[in-house]
Amino acid sequence: MTEQSAPQPPARDPWKGLRGVMAGTLVMEAIVVGLALPVVHRFGGGLSSTNGVLVVGLAVAMVLASGFVGRSWGLGLALALQALMVLTFFISPALGALGVLFALVWACILWLRRDVARRLSQGTSPGPR
């Protein structure tokens, strides 16, 4: 009678987890931007068509971009949307303040990305090699 060893679970891919964090952050940011519509209306001097299109367009673009974070250009797209969000400070200070807050979140994500790459190159992190 031969003993069969228990199947080993597949190695976890740290990049897949990080892509999930980035996609989740974009979706969460889109929700927050969408919820900022009443704030922009109340404190941004009214909701003009430009402000409304900007807020809705940013929210939709962030949701769409969350599906592309796994592509080679996906992180660049996410960071470009983040830069655009910060630049909205000149149109709507409330939206720009949210952009600065989420820029700090993206700075942490970029730091995590660098740390994952360093650990994988040193071989100190489990995962695909």
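It should be emphasised that the depicted structure is a prediction, and the values quoted were computed from it without experimental measurement. When reading the values below, keep in mind they use all heavy atoms of this one structure, side chains included, and skip hydrogens, waters and symmetry mates.
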*Is there a side-chain contact between Arg118 and Arg114 (heavy atoms, below 4.5 Å)?*
no
*Hydrophobic clusters join Ile, Leu, Val, Met, Phe, Trp and Tyr when side-chain heavy atoms are under 4.5 Å apart, directly or via other members; which others share one with Phe90?*
Leu87
*Rounded distance (nearest 0.5 Å) linking atom CD1 of Ile109 with atom CG of Leu104*: 11.5 Å
Tell me which donor-acceptor pairs under 3.5 Å the side chains of residues 20-30 have, and how far apart each pair is, sequence neighbours excluded?
unit_1, atom_1, unit_2, atom_2, d
Thr25, OG1, Val21, O, 2.7
Glu29, OE1, Trp106, NE1, 3.3

*For the hydrophobic clusters of this structure (ILVMFWY residues joined by side-chain heavy atoms under 4.5 Å, transitively), does one cluster hold both Val86 and Ile91?*
no
*Does a side-chain heavy-atom distance below 4.5 Å link Val32 with Phe102?*
yes
*Any chain of hydrophobic side-chain contacts (each under 4.5 Å) joining Leu79 to Leu95?*
yes
*Is Leu98 close to Thr88 at the side-chain level, that is, under 4.5 Å between some pair of heavy atoms?*
no
Side-chain atoms of residues 52-73: list all donor-acceptor pairs with protein atoms under 3.5 Å, sequence neighbours left out, distances to 0.1 Å.
unit_1, atom_1, unit_2, atom_2, d
Ser66, OG, Val63, O, 2.6

*CZ (Arg113) with more than 12 external heavy atoms under 6.0 Å*: no
*Hey, are the side chains of Val100 and Phe89 touching, using non-hydrogen atoms and a 4.5 Å cut-off?*
no
